[in-house]
Amino acid sequence: MHLLVVAGMLGVGKTSVILKLLEPMIERQTRVVVIENDFGEFGIDTEVLERAGLKVRDLKGGCVCCTLQGGLVDSLRALQLEYDPEVAIVEPTGIADPEFIINSVTDVTGIRLDGYTVAVVVDSERFLKVKKMFERPLKNQLKVAKIVLLNKIDTVTSDDLDQIESDIRGFGFDGKVIRVRADTGEGMEGILEVMEL
């Protein structure tokens, strides 16, 4: 099972990214499970996804990188036993540090990981206005990320996108930066390429 953690601050479009990413996986008949840890009420539509053959688990009441760590491990174990997924997608809360998530599930008895990918979603529309406020948690997310998704690229200029990418590189990120639109799916195929799916 490949673990994909889709991290990012609140409101950057993580859920939209996941929904658009699931489309090619469903077409390829990839066995996928989604574990959502969201405080908001507009999460992934479990009923719709389950009709498409996907399994969704909600973890409420805390953050998967701290208070719900055991719940994440238990959920992954149960889902692996019951469905043997090829991909498990975890959507943590906006403040979650994906390093804790990765550390909590690697080398754990009962969870067989073929690998993992951390993708950090950045809101291109708001980034330049709020980067100072979220610099510290973003740096924590970037240190284990393999991909940064610049979402909402239609809302800013090409020069702004170049500046955002430069700022992210300035935070020490040396992985792949992909410019995407989660609403249309533009650029999303790059995620699957990095994951080698």
Side-chain angles (χ1 to χ4, degrees), residues 1-8 12-38 40 42-59 64 71-94 96 98 101-102 104-108 110-124 141-142 144-154 173 175-197:
M1 170 174 69
H2 191 98
L3 181 67
L4 171 62
V5 179
V6 180
V12 297
K14 296 187 300 287
T15 300
S16 298
V17 163
I18 291 170
L19 288 170
K20 209 39 108 167
L21 186 59
L22 288 170
E23 291 176 9
M25 290 184 178
I26 291 168
E27 287 173 18
R28 297 176 189 188
Q29 297 183 337
T30 304
R31 292 184 314 279
V32 183
V33 294
V34 178
I35 297 175
E36 187 179 28
N37 178 211
D38 194 359
F42 299 109
I44 293 175
D45 190 331
T46 304
E47 189 177 316
V48 170
L49 293 181
E50 288 186 345
R51 275 198 308 253
L54 300 167
K55 298 299 170 196
V56 180
R57 284 260 166 107
D58 289 315
L59 293 177
V64 294
L72 174 63
V73 169
D74 291 344
S75 291
L76 282 172
R77 276 190 190 128
L79 289 166
Q80 192 160 45
L81 272 173
E82 193 171 346
Y83 303 108
D84 190 27
E86 296 165 84
V87 178
I89 300 174
V90 175
E91 179 188 358
T93 60
I101 296 167
I102 298 303
S104 71
V105 298
T106 51
D107 301 322
V108 171
I111 298 176
R112 297 174 315 281
L113 288 182
D114 302 326
Y116 65 87
T117 303
V118 174
V120 175
V121 183
V122 171
D123 182 341
S124 299
Q141 292 176 349
L142 291 173
V144 292
K146 194 171 189 178
I147 310 167
V148 167
L149 303 172
L150 301 186
N151 192 22
K152 306 178 188 178
I153 57 172
D154 58 312
F173 179 73
K176 186 156 180 91
V177 176
I178 304 172
R179 297 176 182 193
V180 302
R181 284 188 60 182
D183 60 338
T184 65
E186 181 183 337
M188 299 294 288
E189 66 283 345
I191 305 168
L192 297 178
E193 288 169 15
V194 171
M195 291 174 60
E196 299 177 358
L197 292 178

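No experiment lies behind these values; they were computed from the predicted model shown.
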message: Holding to side chain to side chain donor-acceptor pair (under 3.5 Å), I want the full list of residues that pass it with Thr117, two or more places apart in sequence or in another chain.
response: His2
- prompt: Are the side chain of Gln141 and the backbone N or O of Ala96 linked by a donor-acceptor pair below 3.5 Å?
  reply: yes
message: Just so I know, are the side chains of Ile89 and Val33 near enough to count as touching, which here means a heavy-atom distance under 4.5 Å?
response: no
field: Residue pair Val120 / Leu149, side-chain heavy-atom distance below 4.5 Å
entry: no
message: Show the nearest heavy-atom pair for residues Ile111 and Val73, with the distance to one decimal.
response: CD1-O, 3.8 Å
- prompt: Roughly how far, to the nearest 0.5 Å, is CD1 of Ile153 from CZ of Arg179?
  reply: 7.5 Å
- prompt: Under 4.5 Å between any side-chain heavy atoms of Glu91 and Ile35, yes or no?
  reply: no
message: Taking side chain to side chain contact (heavy atoms under 4.5 Å, CB included) as the definition, give me every residue that meets it alongside Val144, ordered by chain and number, with sequence neighbours left out.
response: Pro98, Glu99, Val118
task: Nearest 0.5 Å please: distance from the CD1 atom of Ile191 over to the CD1 atom of Ile147.
output: 6.0 Å
query: Looking only at heavy atoms, what is the nearest atom pair of Val12 and Val122, with distance?
result: CB-C, 4.3 Å
statement: Interatomic distance, CD@Glu186 vs CD1@Ile178, rounded to 0.5 Å, equals 12.0 Å
message: If I take atom OH from residue Tyr116 and atom OG1 from residue Thr106, how far apart are they, to the nearest 0.5 angstrom?
response: 7.0 Å
field: Met1 versus Leu76, closest heavy-atom pair with distance
entry: CE-CD2, 4.1 Å
- request: Using the test salt bridge (charged side-chain N to carboxylate O under 4.0 Å, His left out), find all partners of Glu23 that sit at least two apart in sequence or belong to another chain.
  value: Lys20
- request: With sequence neighbours left out, write down each residue that passes side chain to side chain donor-acceptor pair (under 3.5 Å) with Asp123, or none if nothing qualifies.
  value: Arg126, Lys152
- prompt: Heavy-atom distance under 4.5 Å between the side chains of Ile102 and Val5, does that happen here?
  reply: yes
query: Who passes salt bridge (charged side-chain N to carboxylate O under 4.0 Å, His left out) against Asp84, sequence neighbours left out?
result: Arg31, Arg112
task: To the nearest 0.5 Å, tell me how far Leu3 CG sits from Asp114 CG.
output: 10.5 Å
field: Interatomic spacing from CD in Gln29 to CD in Glu86 - rounded to 0.5 Å
entry: 10.0 Å
query: Got Ile26 and Thr30 here, is their nearest side-chain heavy-atom distance under 4.5 Å?
result: no
message: Go through it in stages, so that I can follow the logic: the residues are Leu22 and Val34, the test is side-chain contact (heavy atoms from CB on, under 4.5 Å), and I'd like the CA-CA distance, side-chain angles, deciding distance and then a yes or no.
response: CA-CA 10 Å; Leu22 288 170; Val34 178; 4.3 Å; yes
message: Quick check: closest heavy atoms across Val6 and Lys14, and the distance to 0.1 Å?
response: O-CD, 3.3 Å
- prompt: Quick one: side chain to side chain contact (heavy atoms under 4.5 Å, CB included) partners of Ala182, sequence neighbours excluded?
  reply: Ser16, Val17, Asn151
